[in-house]
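Comments concern the structure below.
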Amino acid sequence: MQKRQRVYVLFLLVAMLLQGCLPAKLDETPEPTAFPTPVTPDHLSTPGEDFPYVYVMGNGTIQDLDYSPDSSLLAVSSGSTVTIFSSDSMEVAKKLSFGSRVLAASWSPDGTKLAVGLLGGVTEIHETDTWSYVNSFTSSIRMTDLGWNFDGTLLASTAGEYLFVNDAASGENLFAERDSAGAVVWAPDRNQLYLRAEGYYDKARLLDVDTMEIIEADLNPDFASLSFYDAEWVRNGELEQLFLLITNYYYEEANYTAQTGFDAETGINTFVYEIPAGQFEIIIEKNQMVLSDSDGNLIVESINGNSSEEIIAAHSGSILAMDIDISGTLLSTAGSDGVLKIWDTSSWAILWSSEGYYPSFTFMEFIDSSTIAGASINSADIFFLDPNTGELLERIPTPLNSITSLAFLSDHDLFAVSYVDQSYVEGYSENGSSLQIYTMDGVLKTEFTYEALGVCWSERDNALYTWNDEELARWDADSFVRSSIADLTSLFERAIPTIYHSPDCSQIAVPQILPEEVIVFIDLQTGSKRRVEYEAEHALLNVAWSPDLEMLLCSDQYGSVAVMDGETRNIGAFYEVSPSGSGVSNISWSPDNKLTAISTFDGRILVFDPNSGVVKVQLQVPEAVQAISWLEDGKEIAAALADGTILLWPMDDLNAEMPGGES
């Protein structure tokens, strides 16, 4: 694997999980102990009840959209919830909450049931008249798609490389096969499923569920070296058609080939065209196919290929989900830009648009008491929100698709953002890395083709510092002339991990676990390095300085936190934060140096005194927490959840008796 590919793959995982590993254990390091204030259910605070949050912003990144059979309802899957909207008014009719992330939702053919696919392969079925739970079953693997057969007796799901068919009433597994990935595509009037499989590029593989036999039909020879991406099976009058979206993503072109008019029995196709596309829907009544491309456009193409295509700008980022109602008059789309839209397919006018679905922020920072900024490694946009009302103040679209770092320089009214384009990493582009400088009103000031995995502003010496796997660099904030501060190529045996910087941007910490357990501290002005080695089984990561630089907290993936002296780097205390062993995702210090907020992947936020270990507040939220930020005046804490929701809590009176803490 190329060096840049290796760096990006690791960084992508690091940025999404906010990194962490097992705790270090020096000979003089105390054994991990529980907090002096026991964390028990009696000390547990539930947001909105005994310790209310200020505001809830956003509804989560949308995973799936599905219209009910009568077109009256739209199921929107995001985070751990499914929100049911009325198609006419787009008012919320029902909101279902689940214990884990929702990956797919599918209405039964008669509309009386809703099947919800959850992370881990669990499928729950709910009645739609009372929304009561009916039953559930599991395929034990992460689910990617879910769909009912024509009479509502069977449910098929794809998970990784597997296809599962289950009895909807009993949950009994009737069929399971590997190498059948892709969308769930049932025949409209019989128990026959379309399969996609690597190694069967020149065949349309169909499963007859009644006989459990696999039927293979020859494809056009042009598709012999391609793999199936998506499909849709419809009946158009007397003609039964299987529409296939076939990708040649194996090759550098990364285009998609749509084959239409495929006869399920003979394999004869009537029309073929090539187009870059991501998803597609069929409008039989209008004889049209609607596709989405990677730029967020809708592409409307005639099924028979007799008319030219129509391109409609839909979203400022890629389209994550789309669905069309049974009448073919309504199309819903959800984009990585955090917008849900409903379209009139006769005019392609927007009937309804909501900007309440923000992406799952992995970067979040208070600019001041009236503005909070958020960005995500999974989105191309930067969001500015009012923390008091939840109002979207501004959304700045960016040209590439993966934000790796974000930093603000208040004195210069500037912010810096860095990107690594995924297509560049995969070898399809030569200009996929970018460092951009914006004014606070969203105007692009300057741009560089430069790979920066991290950035920070230093008001102390009027500079922007960046780092990647090769160098630590300094950029003058006025001229933006770059100078190399330190060579990092010899520092790492493997791809570079997450790098943490001190609040004043005077130094950075580079924790490593291979080939040995060390944290390297680098002075940003001189480039001098200081290695702190640990003779331990594991290494400390997630480094966070106190505002006065006199203390550091280092956390790990398994729920432990070490309190380190800022000068000597000795560990003075070692706490077990999460009894369940769930990892620490983020650390944020209060502006007065006295308290620390720690978030975990099991949805907990603890506010405690790092000197005594006394817990002031513990909050429980329904999702993993990816980022937290403390308001500069110490009065509020904001938490970005994995489902895209942002929660804010008041923290201006922690001396009073509060849930989960002491006076």
Side-chain angles (χ1 to χ4, degrees), residues 18-37 456 472 486 488 491-493 497-578 581 583-600 606-616 630:
L18 299 179
Q19 191 68 340
C21 253
L22 291 170
K25 293 183 180 178
L26 293 170
D27 292 340
E28 65 273 16
T29 301
E31 288 294 319
T33 60
F35 283 113
T37 300
C456 73
L472 170 66
L488 302 183
L491 190 59
F492 310 104
E493 290 287 330
T498 301
I499 296 178
Y500 304 89
H501 63 83
S502 61
D504 65 345
C505 208
S506 62
Q507 55 188 313
I508 60 174
V510 187
Q512 289 191 101
I513 58 174
L514 293 172
E516 56 188 334
E517 290 71 37
V518 300
I519 297 180
V520 179
F521 294 90
I522 304 176
D523 186 285
L524 288 179
Q525 285 188 303
T526 65
S528 60
K529 305 180 184 70
R530 176 184 177 184
R531 294 171 61 91
V532 178
E533 300 185 6
Y534 299 95
E535 295 181 1
E537 299 177 5
H538 312 289
L540 296 169
L541 294 175
N542 281 1
V543 181
W545 276 268
S546 61
D548 61 6
L549 308 183
E550 294 183 359
M551 194 180 301
L552 294 88
L553 290 189
C554 303
S555 64
D556 63 35
Q557 182 181 346
Y558 288 80
S560 296
V561 173
V563 181
M564 181 181 291
D565 185 275
E567 178 62 30
T568 66
R569 308 299 193 229
N570 292 328
I571 296 176
F574 206 172
Y575 300 119
E576 289 182 346
V577 177
S578 176
V584 172
S585 60
N586 212 201
I587 303 173
S588 181
W589 283 81
S590 65
D592 62 4
N593 294 285
K594 295 180 180 179
L595 299 173
T596 306
I598 292 180
S599 61
T600 67
L606 291 94
V607 180
F608 73 101
D609 181 343
N611 292 295
S612 65
V614 172
V615 176
K616 295 288 186 179
W630 211 306

Can you tell me how far apart [atom1] ([X]) and [atom2] ([Y]) are? Round to the nearest 0.5 Å.
X      : Y      : atom1 : atom2 : result
Ile598 : Ser555 : CD1   : OG    : 6.5 Å
Phe521 : Leu552 : CZ    : CG    : 5.5 Å
Ile508 : Ser502 : CD1   : OG    : 9.5 Å
Lys616 : Thr596 : NZ    : OG1   : 12.5 Å
Ile522 : Gln507 : CD1   : CD    : 10.5 Å

Do Lys529 and Val510 make a side-chain contact, defined as non-hydrogen atoms from C-beta onward lying under 4.5 Å apart?
no

Quick one: does Tyr500's side chain get under 4.5 Å of Ile519's, heavy atoms only?
no

Do you know which two heavy atoms are closest between [X] and [Y], and how far apart they sit?
X      : Y      : result
Pro547 : Ser590 : CG-O, 3.5 Å
Asp592 : Leu595 : OD1-N, 4.2 Å
Leu553 : Pro610 : CD2-CB, 4.3 Å
Asn586 : Asn542 : N-ND2, 4.4 Å
Glu567 : Arg530 : O-NH1, 3.1 Å
Pro591 : Trp630 : CD-CD1, 3.8 Å

With distance as the sole test, does Trp589 use its side chain to make a donor-acceptor pair with the main-chain N or O of Trp545 at under 3.5 Å?
yes

Any donor-acceptor pair under 3.5 Å linking the side chain of Ser546 with the backbone of Asn593?
no

How far apart are the C-alpha atoms of Val543 and Cys554, what are their side-chain angles, what is the distance that settles it, and do they pass the side-chain contact (heavy atoms from CB on, under 4.5 Å) test?
CA-CA 5 Å; Val543 181; Cys554 303; 4.1 Å; yes

